[in-house]
Amino acid sequence: MRPTPSLQFLRPYLWKPAAPPNPAYLRFFHLARQQELEQANALKYPRLRHNGPPMRIPDFRAKYADIELGAVADEEVTLHGRVESVRRAGNKLVFLDLKAEFECVQGICNFGRLSDGTTIQTLKDLARLLNRGDIIAIRGRATRTPAGELTIQATHLPEVLTPSIVPLPTKLVDEESRTQHPHLDMLVNQRTTDILRLRSSIIRYLRDFLHDRAFLEFQTPILAADAGGANARPFTVSAKTVSKDLSLRIAPELWLKRLVVGGVDRVFELGPAFRNEGIDQTHNPEFTICEFYHAYANLADLISLTENLIRGAAAHCQSLIATKLTSLPPIDLAAFQSPFQQAEFIPALESALGFTLPDLTSPTALQDLLTLLKTHNIPLDNNDNDRNIPPPTSLPQLLDRLAASYIEPLSATAPLFITHHPVCMSPLAKSFTCPRTGQQVSARTELFMGGRELANMYEEENDPYEQRRKFVEQAAVRVRREAGGVDVGVDESECESELVIDEGYVHALASGLPPTGGWGCGVERLVMLFSGTRRIGDCLSFGTLRNVVGLASTAAGAGGSKGVGVEGPERGVKDG
């Protein structure tokens, strides 16, 4: 049997690394490949059967790592994997590379060593039919070739388990192609899979770290009447079983603290959160969060625990990068030596701005601070020459922008804890009067590295009366902002009737929340830090929400201008 000529003609034009594939070529290749497989009676997807003990390729490599040159193992095993390459050496010898679980092994089909009655013609037909991307089973014995390569020497003709109908590229760097075909991106680009493997290892590390310190992992609701625990816009969904719309959670915080009230002194959750906000290089509406709550822990305890966690995670990730995830850049462990830097929010900001901040609890604090900035000719963003930036609509928003410009850059080369934020920025944290500045500040710290937030931690507010007042204040500011107004102070009597306050949580606090330290971290931020990537989409299996929606659109248009299209061969159809 000769290969379909059109396949040979089309291969050079299918996938150009720096450009999207030509849909017409892909379409023709698929049809030609389908015809080739049908002619060979090989367009089959058989059930898996084990002819000999199955073995994982990583286990095969580990078990026979020390096999001597020219030796052949007694044990006969079966390996499964995807064909990376096929190399033919005459009519009686075929070399192939097989990959599974991110590791490769060479296979040799030598006609003289096959013991299953295979003819030379059958071996030639298989060699011509095998394509890069096919998934096969190969049964044989371990050996080491004269070139020193660990190899499985086939004793039976390899079996095609899943033929590849769409061509597998050897390189893929075009962003559009990588986005539209993430499965191919993972098969071709090691860095893509290494980042996702690192993410999996970081999640496991977080769980192990907390389990080792007697934390219990609990699951809390994702759907609820209202979303609380963070200052963010939620997604709303409808449900048939209840009479009102529901919200996807923006954080598990309030649920987890209820569990602490219920007697679970050390509790954590690692799972998804959803915020109906923008998409950029560091934000996605759907992300993974790790939060823990530790009864009888204060801010100093949380800082110490965080230093140990981050330093340990850095060492763990570096060991993986040095041995398995070799496409990722090495981590400079010296940057994570203790103690980490610390900077108090208000003193650090006053030092950078060159003046003393006004009373930040005053009803006119926003206007007072804007006036001072204008008087001292200080832009809201010292990295942006555009002075036409829209003015902030609330005091927390203004302070956050100033911190991003004048404090967070201090974390450029080493981790930095920014501590004691103004109370208006932390409605769920305990507050106190700062002895240095006389300002009302919160018992809160954020960890930054390279100018990016990594983790947030608080001494949690456990006074039910104070918590309710802070809820009202926070929600009132949100109502005013969404109405297009500027926050110039909060009139609780005016706004409370329009607000949604989690009275259930306030009632739970009345039963007694012990002094508790709370901690939260976006998993993608850790992955970005330790993998060296600048984009959150690289840390998500299928990219950001924009990419996910685009994938659905591409699938819907399969067979059209951008889709590959898959048409079934002419087969009998079961009666419906």
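For the numbers below, each heavy atom of this structure counts, side chains included, while hydrogens, waters and symmetry mates do not.
With respect to Glu460 and Lys257, a salt bridge is recorded, a charged nitrogen being found less than 4.0 Å from a carboxylate O. Taking the charged nitrogens against the carboxylate oxygens, Asp194 and Lys324 have no contact shorter than 4.0 Å, which rules out a salt bridge.
Taking Phe345 as the reference, His421 meet the ring-ring contact (aromatic ring centres under 6.0 Å, His included) condition, with sequence neighbours excluded. Residues meeting the side chain to side chain contact (heavy atoms under 4.5 Å, CB included) test with Thr151, sequence neighbours left out: Gln106, Ile108, Thr143, Thr145, Glu149. Every residue meeting the side chain to side chain contact (heavy atoms under 4.5 Å, CB included) condition with Pro163, not counting sequence neighbours, appears here in chain and number order: Leu37, Leu43, Tyr45, Asp134, Val160. Applying the salt bridge (Lys or Arg N to Asp or Glu O under 4.0 Å) test to Glu408 and every residue at least two apart in sequence or in another chain returns nothing. For the side chain to side chain contact (heavy atoms under 4.5 Å, CB included) test, residues two or more places apart in sequence or in another chain that qualify with Pro58 are Arg56, Glu101, Glu103.
Of the N and O atoms on the side chains of Ser426 and Ser442, at least one donor lies less than 3.5 Å from an acceptor on the other residue. A donor-acceptor contact under 3.5 angstrom links the side chains of Glu75 and Tyr64, judged on distance only.
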**Request:** I would like to know whether Leu98 and Arg82 meet side-chain contact (heavy atoms from CB on, under 4.5 Å); could you show each step before the answer?
**Result:** CA-CA 5 Å; Leu98 195 65; Arg82 189 181 295 271; 5.8 Å; no
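Using cut-offs of 30° and 60° on the angle between ring planes, the pair Phe235 and Phe274 is perpendicular.
The salt bridge (charged side-chain N to carboxylate O under 4.0 Å, His left out) analysis of residues 520-540, with sequence neighbours excluded, yields the pairs Glu175-Arg535, Arg199-Glu524, Arg535-Asp538.
Leu270 CG to Ile202 CD1: the interatomic distance, rounded to the nearest 0.5 Å, is 11.0 Å.
Phe215 has its ring centre less than 6.0 Å from the ring centre of His294.
Remark: of the listed residues Tyr458, Phe292, Phe209, Phe268, Phe292 is the sole one forming a ring-ring contact (aromatic ring centres under 6.0 Å, His included) with Trp519.
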